2 protein chains.
Amino acid sequence: MTPSLDDIFAALADPTRRAILSMLLEDDMAVTDVAEPFEMSLAAVSKHLVILTKAGLISQEKRGRVKWCKLEPDAMRTASIWMQSFGQFEAINLDAFEEYLQQNELFG
Amino acid sequence: MTPSLDDIFAALADPTRRAILSMLLEDDMAVTDVAEPFEMSLAAVSKHLVILTKAGLISQEKRGRVKWCKLEPDAMRTASIWMQSFGQFEAINLDAFEEYLQQNELFG
DNA sequence: GTGATATTCAACCATTTGGTTGACGATTGC
DNA sequence: GCAATCGTCAACCAAATGGTTGAATATCAC
C-alpha cells in the first residue's frame, strides 16, 4: 500500500501537520513531545500522526511505552517529482529560493 | 491575498484537479473543454477550477462568453520550495541552483 | 502490586468537501 | 430578435475532516 499523491498532498495541506514535519526535521520525537507545542489535545495530534504515517511522510516505532516518530523523506520526494514533471523549473523562482535559504541559515 | 500553502496543497490533493493541471500544461483551455474528459457535471469541474484559482495554481480570463484557463507555475514553485527542505535538496533543479550561485558570484 | 506515564480508541460534534440538479445571466450566430 | 452556447449560482446531499472528551491499554518506576 504505497501512499498515493492524494494522501501525500492532503497530509501536507494542514498547517499542524506541516509544523510536525518541520519539528521532525530536527530529530526523531516521541508522540507526547510532538504534541507539546500545540494547543490541542494529545488525541488530536495522535490523529495527525496517523494521517502523516498513512501518507508515508513519517514512520512510527514503538519502544517500550514510547512511540517514536521519524521523518520519511521519500514520500515528499514522490510529490516533488510529480511537480517537476511540469517541467517549468528551468524558471525556478530564485528570489523565493534565496529567501528560503536565508531563512534557514544554510548560507554562512 | 497570496495563496497559502494550505490552499495550494489542498488543491493538489484531488486527482481531478491534478489532471486538470496536467491538461493545462499542454495549452490554455476553455472551461467546457477542460470539463469534457471528466465524467462529472460541468458545474463540478467549474468548482474545481475555482479552487485551483484560489490556490493560485491557475488563472482565468473571460473573453466573450468563453473563460480561458491558464496554468500559473508560481504557486507550485512555492510549494516545491517548501518541500525541498525535506529531501536534503536532492530533488532540486541543480542547473537552476548552479545558475543562482554563479549569478551571485558565490563561486570563484 | 500500585500508581503514574504514554498512547490510542470510541463516540460524538461542527464544518468542509465533492458531487448533483435546475434555474439563471451573458454572449454569440443567424 | 431569438435560439443556442458558455459558465456560474443556489440549494441540496453524503461523506470526509478536524476537533473534543472519557475510557481503555500498555508499560514503567518504585
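None of these values were measured; they are calculated from a predicted model. Reminder, nothing fancy here: chain letters follow the sequence lines and each chain counts from 1.
Among all heavy-atom pairs drawn from Leu12(A) and Phe9(B), the shortest one is O-CD1, 3.4 Å. Of all non-hydrogen atoms in Ile8(B) and Ala79(B), the two that sit nearest each other are CG2-CB, 3.9 Å. Here the closest non-hydrogen pair linking Met83(B) and Ser80(A) is CE-CA, 3.5 Å. Residues Ala75(B) and Ala55(B) approach most closely at CB-O, 3.6 Å, considering heavy atoms.
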Under 4.0 Å protein heavy-atom contact, by nucleotide of nucleotides 25-30 of chain D - B base, S sugar-phosphate only: --BB--
Reading 5' to 3' through nucleotides 10-15 of chain D, protein heavy-atom contacts under 4.0 Å coded B for base, S for sugar-phosphate only, - for none: -B----
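There is no path of hydrophobic side-chain contacts, each under 4.5 Å, that joins Ile51(A) to Met23(A).
Phosphate proximity of dG19(D) to Ser41(A): absent, as no side-chain N or O sits under 4.0 Å from OP1 or OP2. Between Ser46(A) and dT8(C) there is a side-chain N or O to OP1 or OP2 distance below 4.0 Å. For the pair His48(A) and dG19(D), the criterion of a side-chain N or O lying under 4.0 Å from OP1 or OP2 is met.
With sequence neighbours excluded, no residue forms a salt bridge (charged side-chain N to carboxylate O under 4.0 Å, His left out) with Arg17(A). Under the rule for a side-chain contact (heavy atoms from CB on, under 4.5 Å), the partners of Ala44(B) that lie at least two apart in sequence or sit in another chain are Met40(B), Ser41(B). By the salt bridge (charged side-chain N to carboxylate O under 4.0 Å, His left out) test, Asp28(A) is found to be paired with no residue, residues two or more places apart in sequence or in another chain being considered. Residues passing the salt bridge (charged side-chain N to carboxylate O under 4.0 Å, His left out) test with Asp6(B) are Arg18(A), sequence neighbours excluded. Residues that satisfy the side chain to side chain donor-acceptor pair (under 3.5 Å) test with Ser4(B), not counting sequence neighbours, are Asp7(B).
Using a 4.0 Å heavy-atom cutoff across all strands shown, Ile51(B) reaches sugar-phosphate atoms only and no base atom.
Alongside Trp68(A), the hydrophobic cluster contains Val66(A) (criterion: ILVMFWY side chains under 4.5 Å).
Rounded to whole angstrom, the span from the CD atom of Glu36(A) across to the P atom of dT7(C) amounts to 13 Å. Straight-line distance from the CG atom of Leu49(A) to the P atom of dA6(C): 15 Å, rounded to whole Å. Atom CH2 of Trp68(B) is separated from atom C1' of dC6(D) by 12 Å (rounded to the nearest Å). One atom, CE of Met40(A), and another, C1' of dT8(C), lie 17 Å apart when rounded to the nearest Å. dG7(D) atom C1' lies 6 Å from atom CG of Leu42(B), rounded to whole Å. Going from atom CG of Leu52(B) over to atom P of dT17(C) covers 13 Å, rounded to whole Å. The interatomic distance linking Arg17(A) (CZ) with dG19(D) (C1') rounds to 12 Å, in whole Å. Computed from coordinates, the Glu61(B) CD to dG7(D) C1' distance equals 16 Å when rounded to whole Å.
End-to-end axis angle of the helix from dG1(C)-dC30(D) to dC30(C)-dG1(D), from C1' rotation axes over five pairs per end: 30° (rounded to 10 degrees).
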Evaluation steps, side-chain contact (heavy atoms from CB on, under 4.5 Å), between Lys47(B) and Val50(B): CA-CA 5 Å; Lys47(B) 281 188 187 180; Val50(B) 168; 5.5 Å; no
Which pairs of donor and acceptor atoms, one on a side chain in residues 57-65 of chain A, lie under 3.5 Å apart (sequence neighbours left out)?
{"from": "Ser59(A)", "atom 1": "OG", "to": "Glu72(A)", "atom 2": "OE2", "distance (Å)": "2.8"}
{"from": "Gln60(A)", "atom 1": "OE1", "to": "Thr53(A)", "atom 2": "OG1", "distance (Å)": "3.2"}
{"from": "Glu61(A)", "atom 1": "OE1", "to": "Arg63(A)", "atom 2": "NH1", "distance (Å)": "3.1"}

Tabulate below the donor-acceptor pairs under 3.5 Å that side-chain atoms of residues 29-38 of chain B make, not counting sequence neighbours, or state none.
none

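At a non-hydrogen distance threshold of 4.0 Å, nothing from residues 4-13 of chain B comes into contact with DNA chain C.
Distances from the side chain of Ala30(B) to the nucleotides dG7(D), dA6(C), dT20(C) place dG7(D) closest.
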